[in-house]
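Since the structure comes first, as structure tokens, the remarks are kept for the end.
Lettering of chains follows the sequences in order, A, B, ..., and the numbering in each one begins at 1.
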Amino acid sequence: MPELPEVETVCRGLARVMDGKRLVRLDLHRPDLRFPFPKGLRERVEGRRIGIVERRAKYILIRLEDGGTMIGHLGMSGRMMIGRDTNEPLGAHDHVVFAVEDGVTVRFNDPRRFGFLDFAEAGALGAHPMLVTLGPEPLSDAFTGAVLARRLAGRKSSIKSALLDQKIVAGIGNIYASEALYWAGISPQRSADDVSGTHAEGLALAIKQVLTRAIAAGGSSLRDFVQTSGELGYFQHEWAVYGREGEPCPGCDCGKTIEKFVQNARATFHCPRRQT
DNA sequence: CGGCAAACCTGCGAGC
DNA sequence: TGCTCGCAGGTTTGCC
């Protein structure tokens, strides 16, 4: 499920019910997800008031008023589901339950347990090992073609592989890497180093546009629910290439069909004529 | 630094 | 119907 647009969708859903609310209870129903939960997490956060919920890259930041921050990541299969019933029975893979005032609960469900929940004290968030290396937010004004070109310069890997590197630009995953390269007309196999000038401008723009459109659609749903309400995202219907092997190239009348191949052990989809 | 495989897990669809 | 296999939105680690 979760690349930048899906995490943004989840954060917006969480913000609606968590911003400014007191965290009444934190229930940890196992000792770990991908990593052990921080020692004393429950005692540290219970009773504290939440400031805001926001996103950085694919990370969910639940910021407490006292400056501490819970850092959530959904991995491959994580969901955050909002409920209104504090006594709702625990479902399979409901590993963490946040209870806020007004009887609202948020269940962190993650079958594969690649997600995690960590904590950073006030002032330590920026230095968190998983945040400190992150590249720029692609939807920020600071992310431009020139910035992208500078970060790609000297990289000998393929451009697709570089887009998946969170140190170069944050939040892009396997679906939106293929989609952005398609709209920019750049072959996923091009050397990253080779993407500069107007090509980098076009790619930065394509990234912004595809992510913005995906957020507007509530993200993409492959097989899991995305939104905190349980509603599916709808952007999968707007994918140009991802999962569309054998279908006609949708963006022009080039007459080619979308091809799939394995690149760095991940599926890549592209149009062999439109993308060069 | 780069590339690649493996690791962490469960679920699901395809194919037999 | 039921089994096995391959694959899945992410990220880190370790090896060459």
When you get a sec, tell me which of C:dG10, C:dT11, B:dG3 is the closest nucleotide to the side chain of A:Tyr59? C:dT11

Is it the case that the ring center of A:His95 lies less than 6.0 angstrom away from the ring center of A:Phe108? no

Read 5' to 3' with Watson-Crick or G-U pairs under 3.5 Å, [ ] for crossing pairs and | for partners on another strand, DNA chain B gives .|||||||.|||||||

Tell me which residues in residues 166-173 of chain A put a heavy atom below 4.0 Å from DNA chain C, sorted by number, or none. A:Gln166, A:Gly173

Check: protein-nucleotides 14-16 of chain C nitrogen or oxygen pairs below 3.5 Å:
none

Give a yes/no on whether any side-chain N or O of A:Arg266 is located under 4.0 angstrom from OP1 or OP2 of C:dA8. no

Pair A:Ser220-A:Tyr176, side-chain hydrogen bond (donor to acceptor under 3.5 Å, both in side chains): steps then yes or no: CA-CA 10 Å; A:Ser220 301; A:Tyr176 298 104; 2.7 Å; yes

For the residue pair A:Tyr182 and A:Cys271, establish whether any side-chain heavy-atom pair is separated by less than 4.5 Å. yes

According to the interplanar angle, ranging from 0 to 90°, do the rings of A:His73 and A:Phe116 count as parallel (below 30°), tilted (30 to 60°) or perpendicular (above 60°)? parallel

Of all heavy-atom pairs between A:Ile175 and A:Glu3, which one has the smallest distance, and what is that distance? N-OE2, 2.8 Å

Just call it for A:Phe116: base, sugar-phosphate, or nothing, with non-hydrogen atoms closer than 4.0 Å on any strand. nothing

Testing A:Arg49, A:Arg25, A:Lys21 one by one against A:Glu101 for a salt bridge (charged side-chain N to carboxylate O under 4.0 Å, His left out), which residue passes? A:Arg49

Report which part of the nucleic acid A:Ala267 touches: base, sugar-phosphate, or nothing (heavy-atom distance under 4.0 Å, all strands). sugar-phosphate

Compare the aromatic ring of A:Phe114 with the six-membered base ring of B:dC8 and state whether they stack according to the 5.5 Å and 30° rule. yes

Can you find a side chain N or O atom of A:Lys156 that sits less than 4.0 Å from OP1 or OP2 on B:dG3? no

So, does the side chain of A:Arg34 form a donor-acceptor pair with the base of C:dT12 at under 3.5 Å? no

Flag the pair A:Val106 / A:Val100 as yes when at least one side-chain heavy-atom distance between them is below 4.5 Å, and no otherwise. no

Please say whether the positively charged group of A:Arg213, taken as NZ for Lys or CZ for Arg, lies over the ring of A:Phe235, i.e. under 6.0 angstrom from the six-membered ring centre and within 45 degrees of the axis. no

Please state how far atom CD in A:Gln189 lies from atom C1' in B:dG3, giving the value in whole angstrom units. 15 Å

Work out how far the P atom of C:dG6 is from that of B:dA5, and round it to whole angstrom. 16 Å

Rounded to whole Å, how long is the line connecting atom CD1 of A:Ile159 with atom P of B:dG3? 12 Å

Results of side-chain hydrogen bond (donor to acceptor under 3.5 Å, both in side chains) for A:Arg155 - residues two or more places apart only: A:Asp165

Between A:Thr133 and A:Lys167, does any side-chain donor sit less than 3.5 Å from a side-chain acceptor? no

Would you say A:His73 reaches C:dG10's phosphate, i.e. side-chain N/O to OP1/OP2 under 4.0 Å? no

Are A:Ile82 and A:Ser229 side-chain neighbours, meaning at least one heavy-atom pair lies under 4.5 Å? no

Taking all non-hydrogen atoms of both residues, which atom of A:Leu64 and which atom of A:Ile50 are closest, and how far apart? CD2-CG1, 4.0 Å

Rounded distance in Å - CG (A:Leu164) to C1' (C:dT12): 15 Å

What's the CG-C1' distance between A:Leu74 and B:dC9, to the nearest Å? 15 Å

Below 3.5 Å between N/O atoms, which protein atoms pair up with nucleotides 10-13 of chain B? Just atom names and distances, please.
unit_1 : atom_1 : unit_2   : atom_2 : d
B:dT10 : OP1    : A:Arg113 : NH1    : 3.4
B:dT10 : O4'    : A:Pro111 : O      : 3.4
B:dT10 : O3'    : A:His93  : NE2    : 3.4
B:dG11 : OP1    : A:His93  : NE2    : 2.7

Quick one: A:Asp118 CG to C:dT12 P, roughly how many Å, whole number? 12 Å

Determine the contact category for A:Asp110: base if any of its heavy atoms lies under 4.0 Å from a base atom, sugar-phosphate if only primed atoms, P, OP1 or OP2 are that close, otherwise nothing. nothing

Could you list the residues that satisfy side chain to side chain contact (heavy atoms under 4.5 Å, CB included) with A:Leu90, not counting sequence neighbours? A:His29, A:Asp94, A:Val97

Whole-Å distance between C:dT11 P and A:Asp32 CG? 19 Å

Less than 4.5 Å apart, side chain to side chain, heavy atoms only: is that true for A:Ile186 and A:Gln275? no

Rounded off to whole Å, could you give me the CG-to-P distance for the A:Asp165 and C:dT12 pair? 10 Å

Tell me: CE of A:Met130 to C1' of C:dG10, nearest whole Å? 10 Å

Does the separation of the ring centres of A:Phe261 and A:His270 fall below 6.0 angstrom? yes

